[in-house]
Structures are given as structure tokens and as C-alpha cells.
Amino acid sequence: MTMNAYTIILEKNERFRQTLKMVLVQQGLTVLTPVGIKQCRKMVAAYRPGLILINFDGPGSEAFITEIRSGYPEIQILVLAAAGVQPEQTRRIKAFADDVILTDTP
């Protein structure tokens, strides 16, 4: 199965978002960087990306990840979570995301 060339990065930290974007563009991906969940939801519907990188930052993120997984099961979801995320939250995220990466970036 070929992954859609679109990748969405949902990350509030501008510097981190731009670094991720630069690396992915160098790998040949077309990267979309919505501002907030509302805009991301519209981009997901319009572009059907192959991958979403999402910064986990609370209940809104968890609900959004659950929404994407149930509505678009073919989209790969990679969650970026601060190293301080509680173990219970990490277990819940892993139930819906394809993988979780713990970061030191706030």
C-alpha cells in the first residue's frame, strides 16, 4: 500500500514545527501545517493525508486523535508527547495512535 504524499503536522511550537517540516520536505513529502485542530480537521477531510504528526497537549488532542482514528482508519497517526505525560495518558494515546514519541520539547 502506497502512503499518500501529504503529511500534516499539528504542533504549536513554531520552531519545532518548522524543523519537522524541513526534514519531511527533504524526504519528498508535501507537508501541511494547520493552525489548530479546527483547521487540521478541514485539511484531513480535503487532503486525506497518509500521516499526521500531532503534538499531544491535553484532552482536546486525545479527542481529536480518537476522531481521526475512527473516521479515517487508513491515516497513520504519530503522536509527539512531552516526556512528562502521565503513563495512563500514554496508554490511552497508544490505543488510537500508531506510535508515540516522547520529546523534551514543551
Side-chain angles (χ1 to χ4, degrees):
M1 178 198 250
T2 304
M3 186 168 81
N4 185 319
Y6 289 105
T7 297
I8 292 178
I9 299 172
L10 184 56
E11 165 63 55
K12 284 192 248 181
N13 182 309
E14 175 72 22
R15 196 171 93 194
F16 191 49
R17 181 175 62 242
Q18 290 306 318
T19 300
L20 286 170
K21 181 177 180 176
M22 178 185 68
V23 169
L24 295 174
V25 167
Q26 288 174 348
Q27 296 303 309
L29 296 172
T30 301
V31 178
L32 307 170
T33 54
V35 178
I37 288 175
K38 185 176 180 180
Q39 188 179 26
C40 187
R41 189 177 285 119
K42 290 178 183 178
M43 286 183 173
V44 168
Y47 294 98
R48 302 289 175 113
L51 174 66
I52 298 176
L53 293 166
I54 181 170
N55 181 2
F56 179 83
D57 61 359
S61 298
E62 190 172 334
F64 181 63
I65 293 164
T66 303
E67 173 189 331
I68 295 301
R69 176 54 69 222
S70 62
Y72 305 92
E74 72 281 2
I75 295 175
Q76 299 291 304
I77 300 172
L78 178 60
V79 176
L80 306 170
V85 170
Q86 298 298 318
E88 178 57 34
Q89 287 176 311
T90 303
R91 280 191 291 280
R92 286 196 316 265
I93 295 167
K94 286 183 177 182
F96 294 99
D98 293 291
D99 208 349
V100 177
I101 296 175
L102 298 178
T103 69
D104 290 332
T105 304

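The model shown is predicted, which means the values in this text are computed figures rather than measured ones.
- E62 is not listed as a side-chain neighbour of F96, based on a closest heavy-atom distance of 4.5 Å or more.
- Closest non-hydrogen pair, I77 versus I65, comes out as CD1-O, 4.0 Å.
- Transitive grouping of hydrophobic side chains (ILVMFWY, heavy atoms separated by less than 4.5 Å) keeps I101 and V23 in distinct clusters.
- Side-chain contact between L53 and E11: absent, with no pair of heavy atoms (C-beta onward) separated by less than 4.5 Å.
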Name the atoms and distances for all side-chain donor-acceptor pairs under 3.5 Å in residues 42-51, with sequence neighbours left out.
none

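- Across all their heavy atoms, S70 and E67 have their closest contact at OG-O, 3.2 Å.
- Counting heavy atoms from C-beta on, the side chains of I75 and I8 never come closer than 4.5 Å.
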What side-chain donor-acceptor pairs closer than 3.5 Å can you find for residues 30-39, not counting sequence neighbours?
unit_1 : atom_1 : unit_2 : atom_2 : d
Q39    : OE1    : V35    : N      : 2.5

Please evaluate residues L80 and F16 with respect to the criterion side-chain contact (heavy atoms from CB on, under 4.5 Å), reporting the C-alpha separation (whole Å), side-chain torsions for both, the decisive distance (0.1 Å), and the verdict.
CA-CA 11 Å; L80 306 170; F16 191 49; 3.8 Å; yes

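- Once rounded to the nearest 0.5 Å, the distance linking CG of L10 with CG of N55 reads 7.5 Å.
- For the atom pair CD1 (I9) and CG (L20), the distance works out to 5.0 Å, reported to the nearest 0.5 Å.
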